[in-house]
Amino acid sequence: IRQLVKQRRPRGFPPGPSPIPVIGNIMSLATEPHVFMKKQSEIHGQIFSLDLGGYSAVVLNGYDAIRECLYHQADVFSDRPSLPLFMKMTKMGGLLNAKFGNGWIEHRQLASNSFRYFGSFQMPLDQKILEECMFFVDAIDEHKGKPFNPKHLVTNAVSNITNLIIFGERFTYDNCDFQHMIEIFSENVELAVSGWAFLYNAFPWIEYLPFGKHQKLFRNAAKVYNFLEQIIRRFSKGRVCNFPRHYIDDYLNKLDKSAGDLGTPYSRENLIYSVGELIIAGTETTTNTLRWAMLYMALYPNIQEKVHKELDSVLGSEKSPSLADKKRMPYVEAVLHEVLRFCNIVPLGIFRATTQDTLVSGYNIPKGTMVITNLYSVHFDEKYWCDPGTFSPHRFLDSNGNFVRREAFLPFSLGKRHCLGEHLARMEMFLFFTTMLQRFHLQFPPGTVPSLTPKLGMTLQPLPYSICAVRRQQ
Ligand code: HEM
């Protein structure tokens, strides 16, 4: 906590809602924090601050404020806050939570090279994804149009794409150990923004209390790291120097080469952290997007019908979709973009911190201040979106039906720490979505309409729902 801004609202700091003694504004974050923050920005301005019980955070709202900081002051807003929870989980190493500096640069570069290289080791990555799409639709077919909860299937299929890059292999859909690891890891993604997590960050001594959700978080993390350590050992067997088969081989080669170099960021520990981060960042987000997309297709049959029409006219019933078809499918692109805008998969981004003292819109923000990027407020920014509360893919189309990019669309965030997997995620979403809708019509079991209320956490996901995937006759 030493590196965080401990003083409550230093001079020139952005204003914010009045704090309650000791716990500050933590209680206000219990339900839909992104919505609370957007409402507060209407009172205190696009840049305001919160007292998180012992340290302060600056919240950025709306497209203008986020662009001003993340893009125009990219170097300043590229750190991660040294919160006690993150320090305990990854010691601020690994990749996603790493401090801004050499260690982060090296890990980001290694991962992005792996995405490019191992994806196309034996065949182009989109071909590999298509293979997985076939396993996926065949597994859906086994339900024979009867209601099922798609969560596990989607999770397994999506995680297999990162598995291919990290381990060089896909896992079968009945691999219980891997599934259990993903389950408790994703429970931690939820717990990481619970009231208990904020309390732990403010009062780390509660580590010694025998109760509280933070204890569950620590137990889960220990199990996940233990599992990852074993699986990394298994997949690194048979490694031949200079002939890496996957991300793990590549990492271990770098580790070997840097042996004896005291300043090296490569370590067995950082390998475990970065593998975990890549698996969860890649799986949780893309899975949630596809689960929301399925839900909205069943909810709006007229939109689904337009998707079907486009698929039929571009692909017919036989040809598999390919990335080359994307340009000819503006409506599918518009639907996927609207799902990302409307559903706000990562509503508050991943917490950032400032690398130096800075001045934004007349406010002083000291070095080490935690910064929350309210991406939800960008996607519901009335200055850029007309009627943002309505689900309407048409906002991404011009009058001729061509796809149009929109500026205030930041589901992958902005600046130096923007999502590393954006390109991969876009490929996956397009190929999984089109393969599934080419074969099936999605509908809710008769007489049911699932809740649209999201389950809260670092990511927003739909509550469990049942859906019928009925084979189409084109
Ligand atoms: C970071 C969104 C898929 C890997 C992020 C951030 C967001 C995000 C909002 C935070 C950036 C920031 O600090 O401001 C999404 C969404 C996805 C997706 C909406 C899918 C629809 C993926 C995939 C991978 C991935 C498939 C990799 C397999 C990462 C990593 C970071 C990150 C490693 C941390 C980057 C850094 O700290 O330098 N993502 N992501 N993401 N994402 Fe994604």
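Only a predicted model underlies this, so the values are computations on that prediction, with no experimental measurement involved.
Rounding to the nearest 0.5 angstrom, the gap separating the CG atom in Leu431 from the CE atom in Met134 is 9.5 Å. For the atom pair Ser194 OG and Glu187 CD, the distance stands at 10.5 Å (nearest 0.5 Å). Rounding to the nearest 0.5 Å places SG of Cys133 at 7.0 Å from CD1 of Ile161. With rounding to the nearest 0.5 Å, the separation of CG in Leu252 from NZ in Lys254 is 12.0 Å. Summarising the geometry, atom OG1 belonging to Thr287 is positioned 9.5 Å from atom CD belonging to Gln461; distances are rounded to the nearest 0.5 Å. With values rounded to the nearest 0.5 angstrom, Asn288 atom CG is found 4.5 Å from Thr459 atom OG1.
Ion pairing between a basic and an acidic side chain is recognised when a charged N comes within 4.0 Å of a carboxylate O; Lys237 and Asp249 show no such pairing.
Annotation: side chain of Tyr200 is not in contact with side chain of Leu217 (no heavy-atom distance under 4.5 Å). By the 4.5 Å heavy-atom criterion applied to side chains, Leu29 and Leu52 are counted as neighbours. A 4.5 Å side-chain heavy-atom check between Leu299 and Tyr296 finds at least one atom pair inside the cut-off. Within the 4.5 Å cutoff, side-chain heavy atoms of Ile279 are placed close to those of Leu228. The side-chain heavy atoms of Phe148 and Ile140, taken from C-beta on, include a pair separated by under 4.5 Å. Put simply, the side chain of Pro150 reaches to within 4.5 Å of the side chain of Val154, judged on heavy atoms. In this structure the side chain of Ile248 reaches within 4.5 angstrom of the side chain of Ile166, judged on heavy atoms. Side-chain contact between Ile365 and Asp357 is absent, with no heavy-atom pair separated by less than 4.5 Å.
The closest donor-acceptor contact from the side chain of Thr90 to the backbone of Asn97 lies at 3.5 Å or more, if one exists at all. One N or O on the side chain of Asp261 and one on the backbone of Gly263 form a donor-acceptor pair closer than 3.5 Å. Between the side chain of Arg417 and the backbone N or O of Leu96, at least one donor-acceptor pair lies under 3.5 Å. His423 contributes no side-chain N or O that, together with a main-chain N or O of Arg116, makes up a donor-acceptor pair within less than 3.5 Å. The backbone N or O of Gly62 lies less than 3.5 Å from a partner atom in the side chain of Ser377, making a donor-acceptor pair. Under the 3.5 Å distance criterion, the side-chain polar atoms of Trp196 are left unmatched by any main-chain donor or acceptor of Gln215. In terms of modelled atom types and a separation under 3.5 Å, the side chain of His379 and the main chain of Leu410 share a donor-acceptor contact. Judged by distance alone, with hydrogens and angles left aside, the side-chain atoms of Ser451 form a donor-acceptor pair with the main-chain N or O of Thr453 at under 3.5 Å. Remark: side-chain polar atoms of Asp250 are not paired, donor with acceptor, to backbone N or O of Ser114 under 3.5 angstrom. For the pair Asn160 (side chain) and Phe171 (backbone), a donor-acceptor distance under 3.5 Å is present.
Under the 30°/60° scheme for interplanar angles, the aromatic rings of Phe351 and Phe86 are found to be tilted. Between Phe136 and Phe432, the ring-plane angle classifies as perpendicular under the 30° and 60° cut-offs.
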What verdict does the side chain to side chain contact (heavy atoms under 4.5 Å, CB included) test give for Val22 and Phe203, after you've listed the backbone C-alpha separation in whole Å, the side-chain angles of each residue and the deciding distance to 0.1 Å?
CA-CA 10 Å; Val22 186; Phe203 313 109; 3.7 Å; yes

Test log, rule side chain to side chain contact (heavy atoms under 4.5 Å, CB included), inputs Met458 and Glu190:
CA-CA 6 Å; Met458 280 290 277; Glu190 206 180 307; over 6 Å; no

Please walk me through it: do Arg80 and Ile350 pass side chain to side chain contact (heavy atoms under 4.5 Å, CB included)?
CA-CA 8 Å; Arg80 299 282 185 219; Ile350 298 174; 3.6 Å; yes

Start with the C-alpha gap between Leu295 and Tyr465, add the side-chain angles, then the distance that decides, and say whether side chain to side chain contact (heavy atoms under 4.5 Å, CB included) holds.
CA-CA 8 Å; Leu295 187 71; Tyr465 64 84; 3.8 Å; yes

Verdict with reasoning, Lys99 to Asp79, per salt bridge (Lys or Arg N to Asp or Glu O under 4.0 Å):
CA-CA 6 Å; Lys99 295 302 281 178; Asp79 210 351; 3.3 Å; yes

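Between His44 and the options Gln40, Gln46, Glu42, a side-chain hydrogen bond (donor to acceptor under 3.5 Å, both in side chains) holds for only Gln40.
The shortest non-hydrogen separation linking Leu209 to His214 is O-NE2, 4.4 Å. Nearest heavy atoms, Pro17 versus Ser49: CD-O, 3.5 Å. Residue Ser466 comes nearest to Pro445 through the heavy atom pair O-CD, 3.4 Å, listed as atom of the first residue, atom of the second, then distance. Residue Ala197 comes nearest to Leu191 through the heavy atom pair CB-O, 3.4 Å, listed as atom of the first residue, atom of the second, then distance. Taking every heavy atom of both residues into account, Met297 and Leu437 meet most closely at CG-CD1, 4.1 Å. Of all heavy-atom pairs between Ser159 and Phe178, the closest is OG-CE2, 3.6 Å.
Applying the 6.0 Å contact sphere to CZ of Phe391 captures more than 12 heavy atoms from other residues, nucleotides or ligands. Heavy-atom neighbours of His143 NE2 from other residues, nucleotides or ligands within 6.0 Å: above the threshold of 12.
A cation-pi arrangement is present between Lys88 and Phe218, with the terminal nitrogen or guanidinium carbon under 6.0 Å from the aromatic centre and inside a 45° cone about the axis.
A distance of 6.0 Å or more separates the ring centres of Tyr247 and Phe167. In this structure, His107 has its ring center under 6.0 Å from that of Tyr251.
Checked by atom type, the side-chain pair Asp256/Asn253 shows no donor-acceptor distance below 3.5 Å. For the 3.5 Å distance criterion, the side chains of Arg426 and His337 qualify, holding a donor opposite an acceptor. His34 and Asn374 share no side-chain donor-acceptor pair at under 3.5 Å. A donor-acceptor pair shorter than 3.5 Å can be found between the side chains of Thr264 and Ser258. Residues Thr155 and Gln179 bring no donor and acceptor atom of their side chains to less than 3.5 Å of each other.
Applying the salt bridge (charged side-chain N to carboxylate O under 4.0 Å, His left out) test to every pair with at least one member in residues 161-183, sequence neighbours left out, gives these pairs: Glu132-Arg170.
Applying the salt bridge (Lys or Arg N to Asp or Glu O under 4.0 Å) test to Arg341 and every residue at least two apart in sequence or in another chain returns Glu338.
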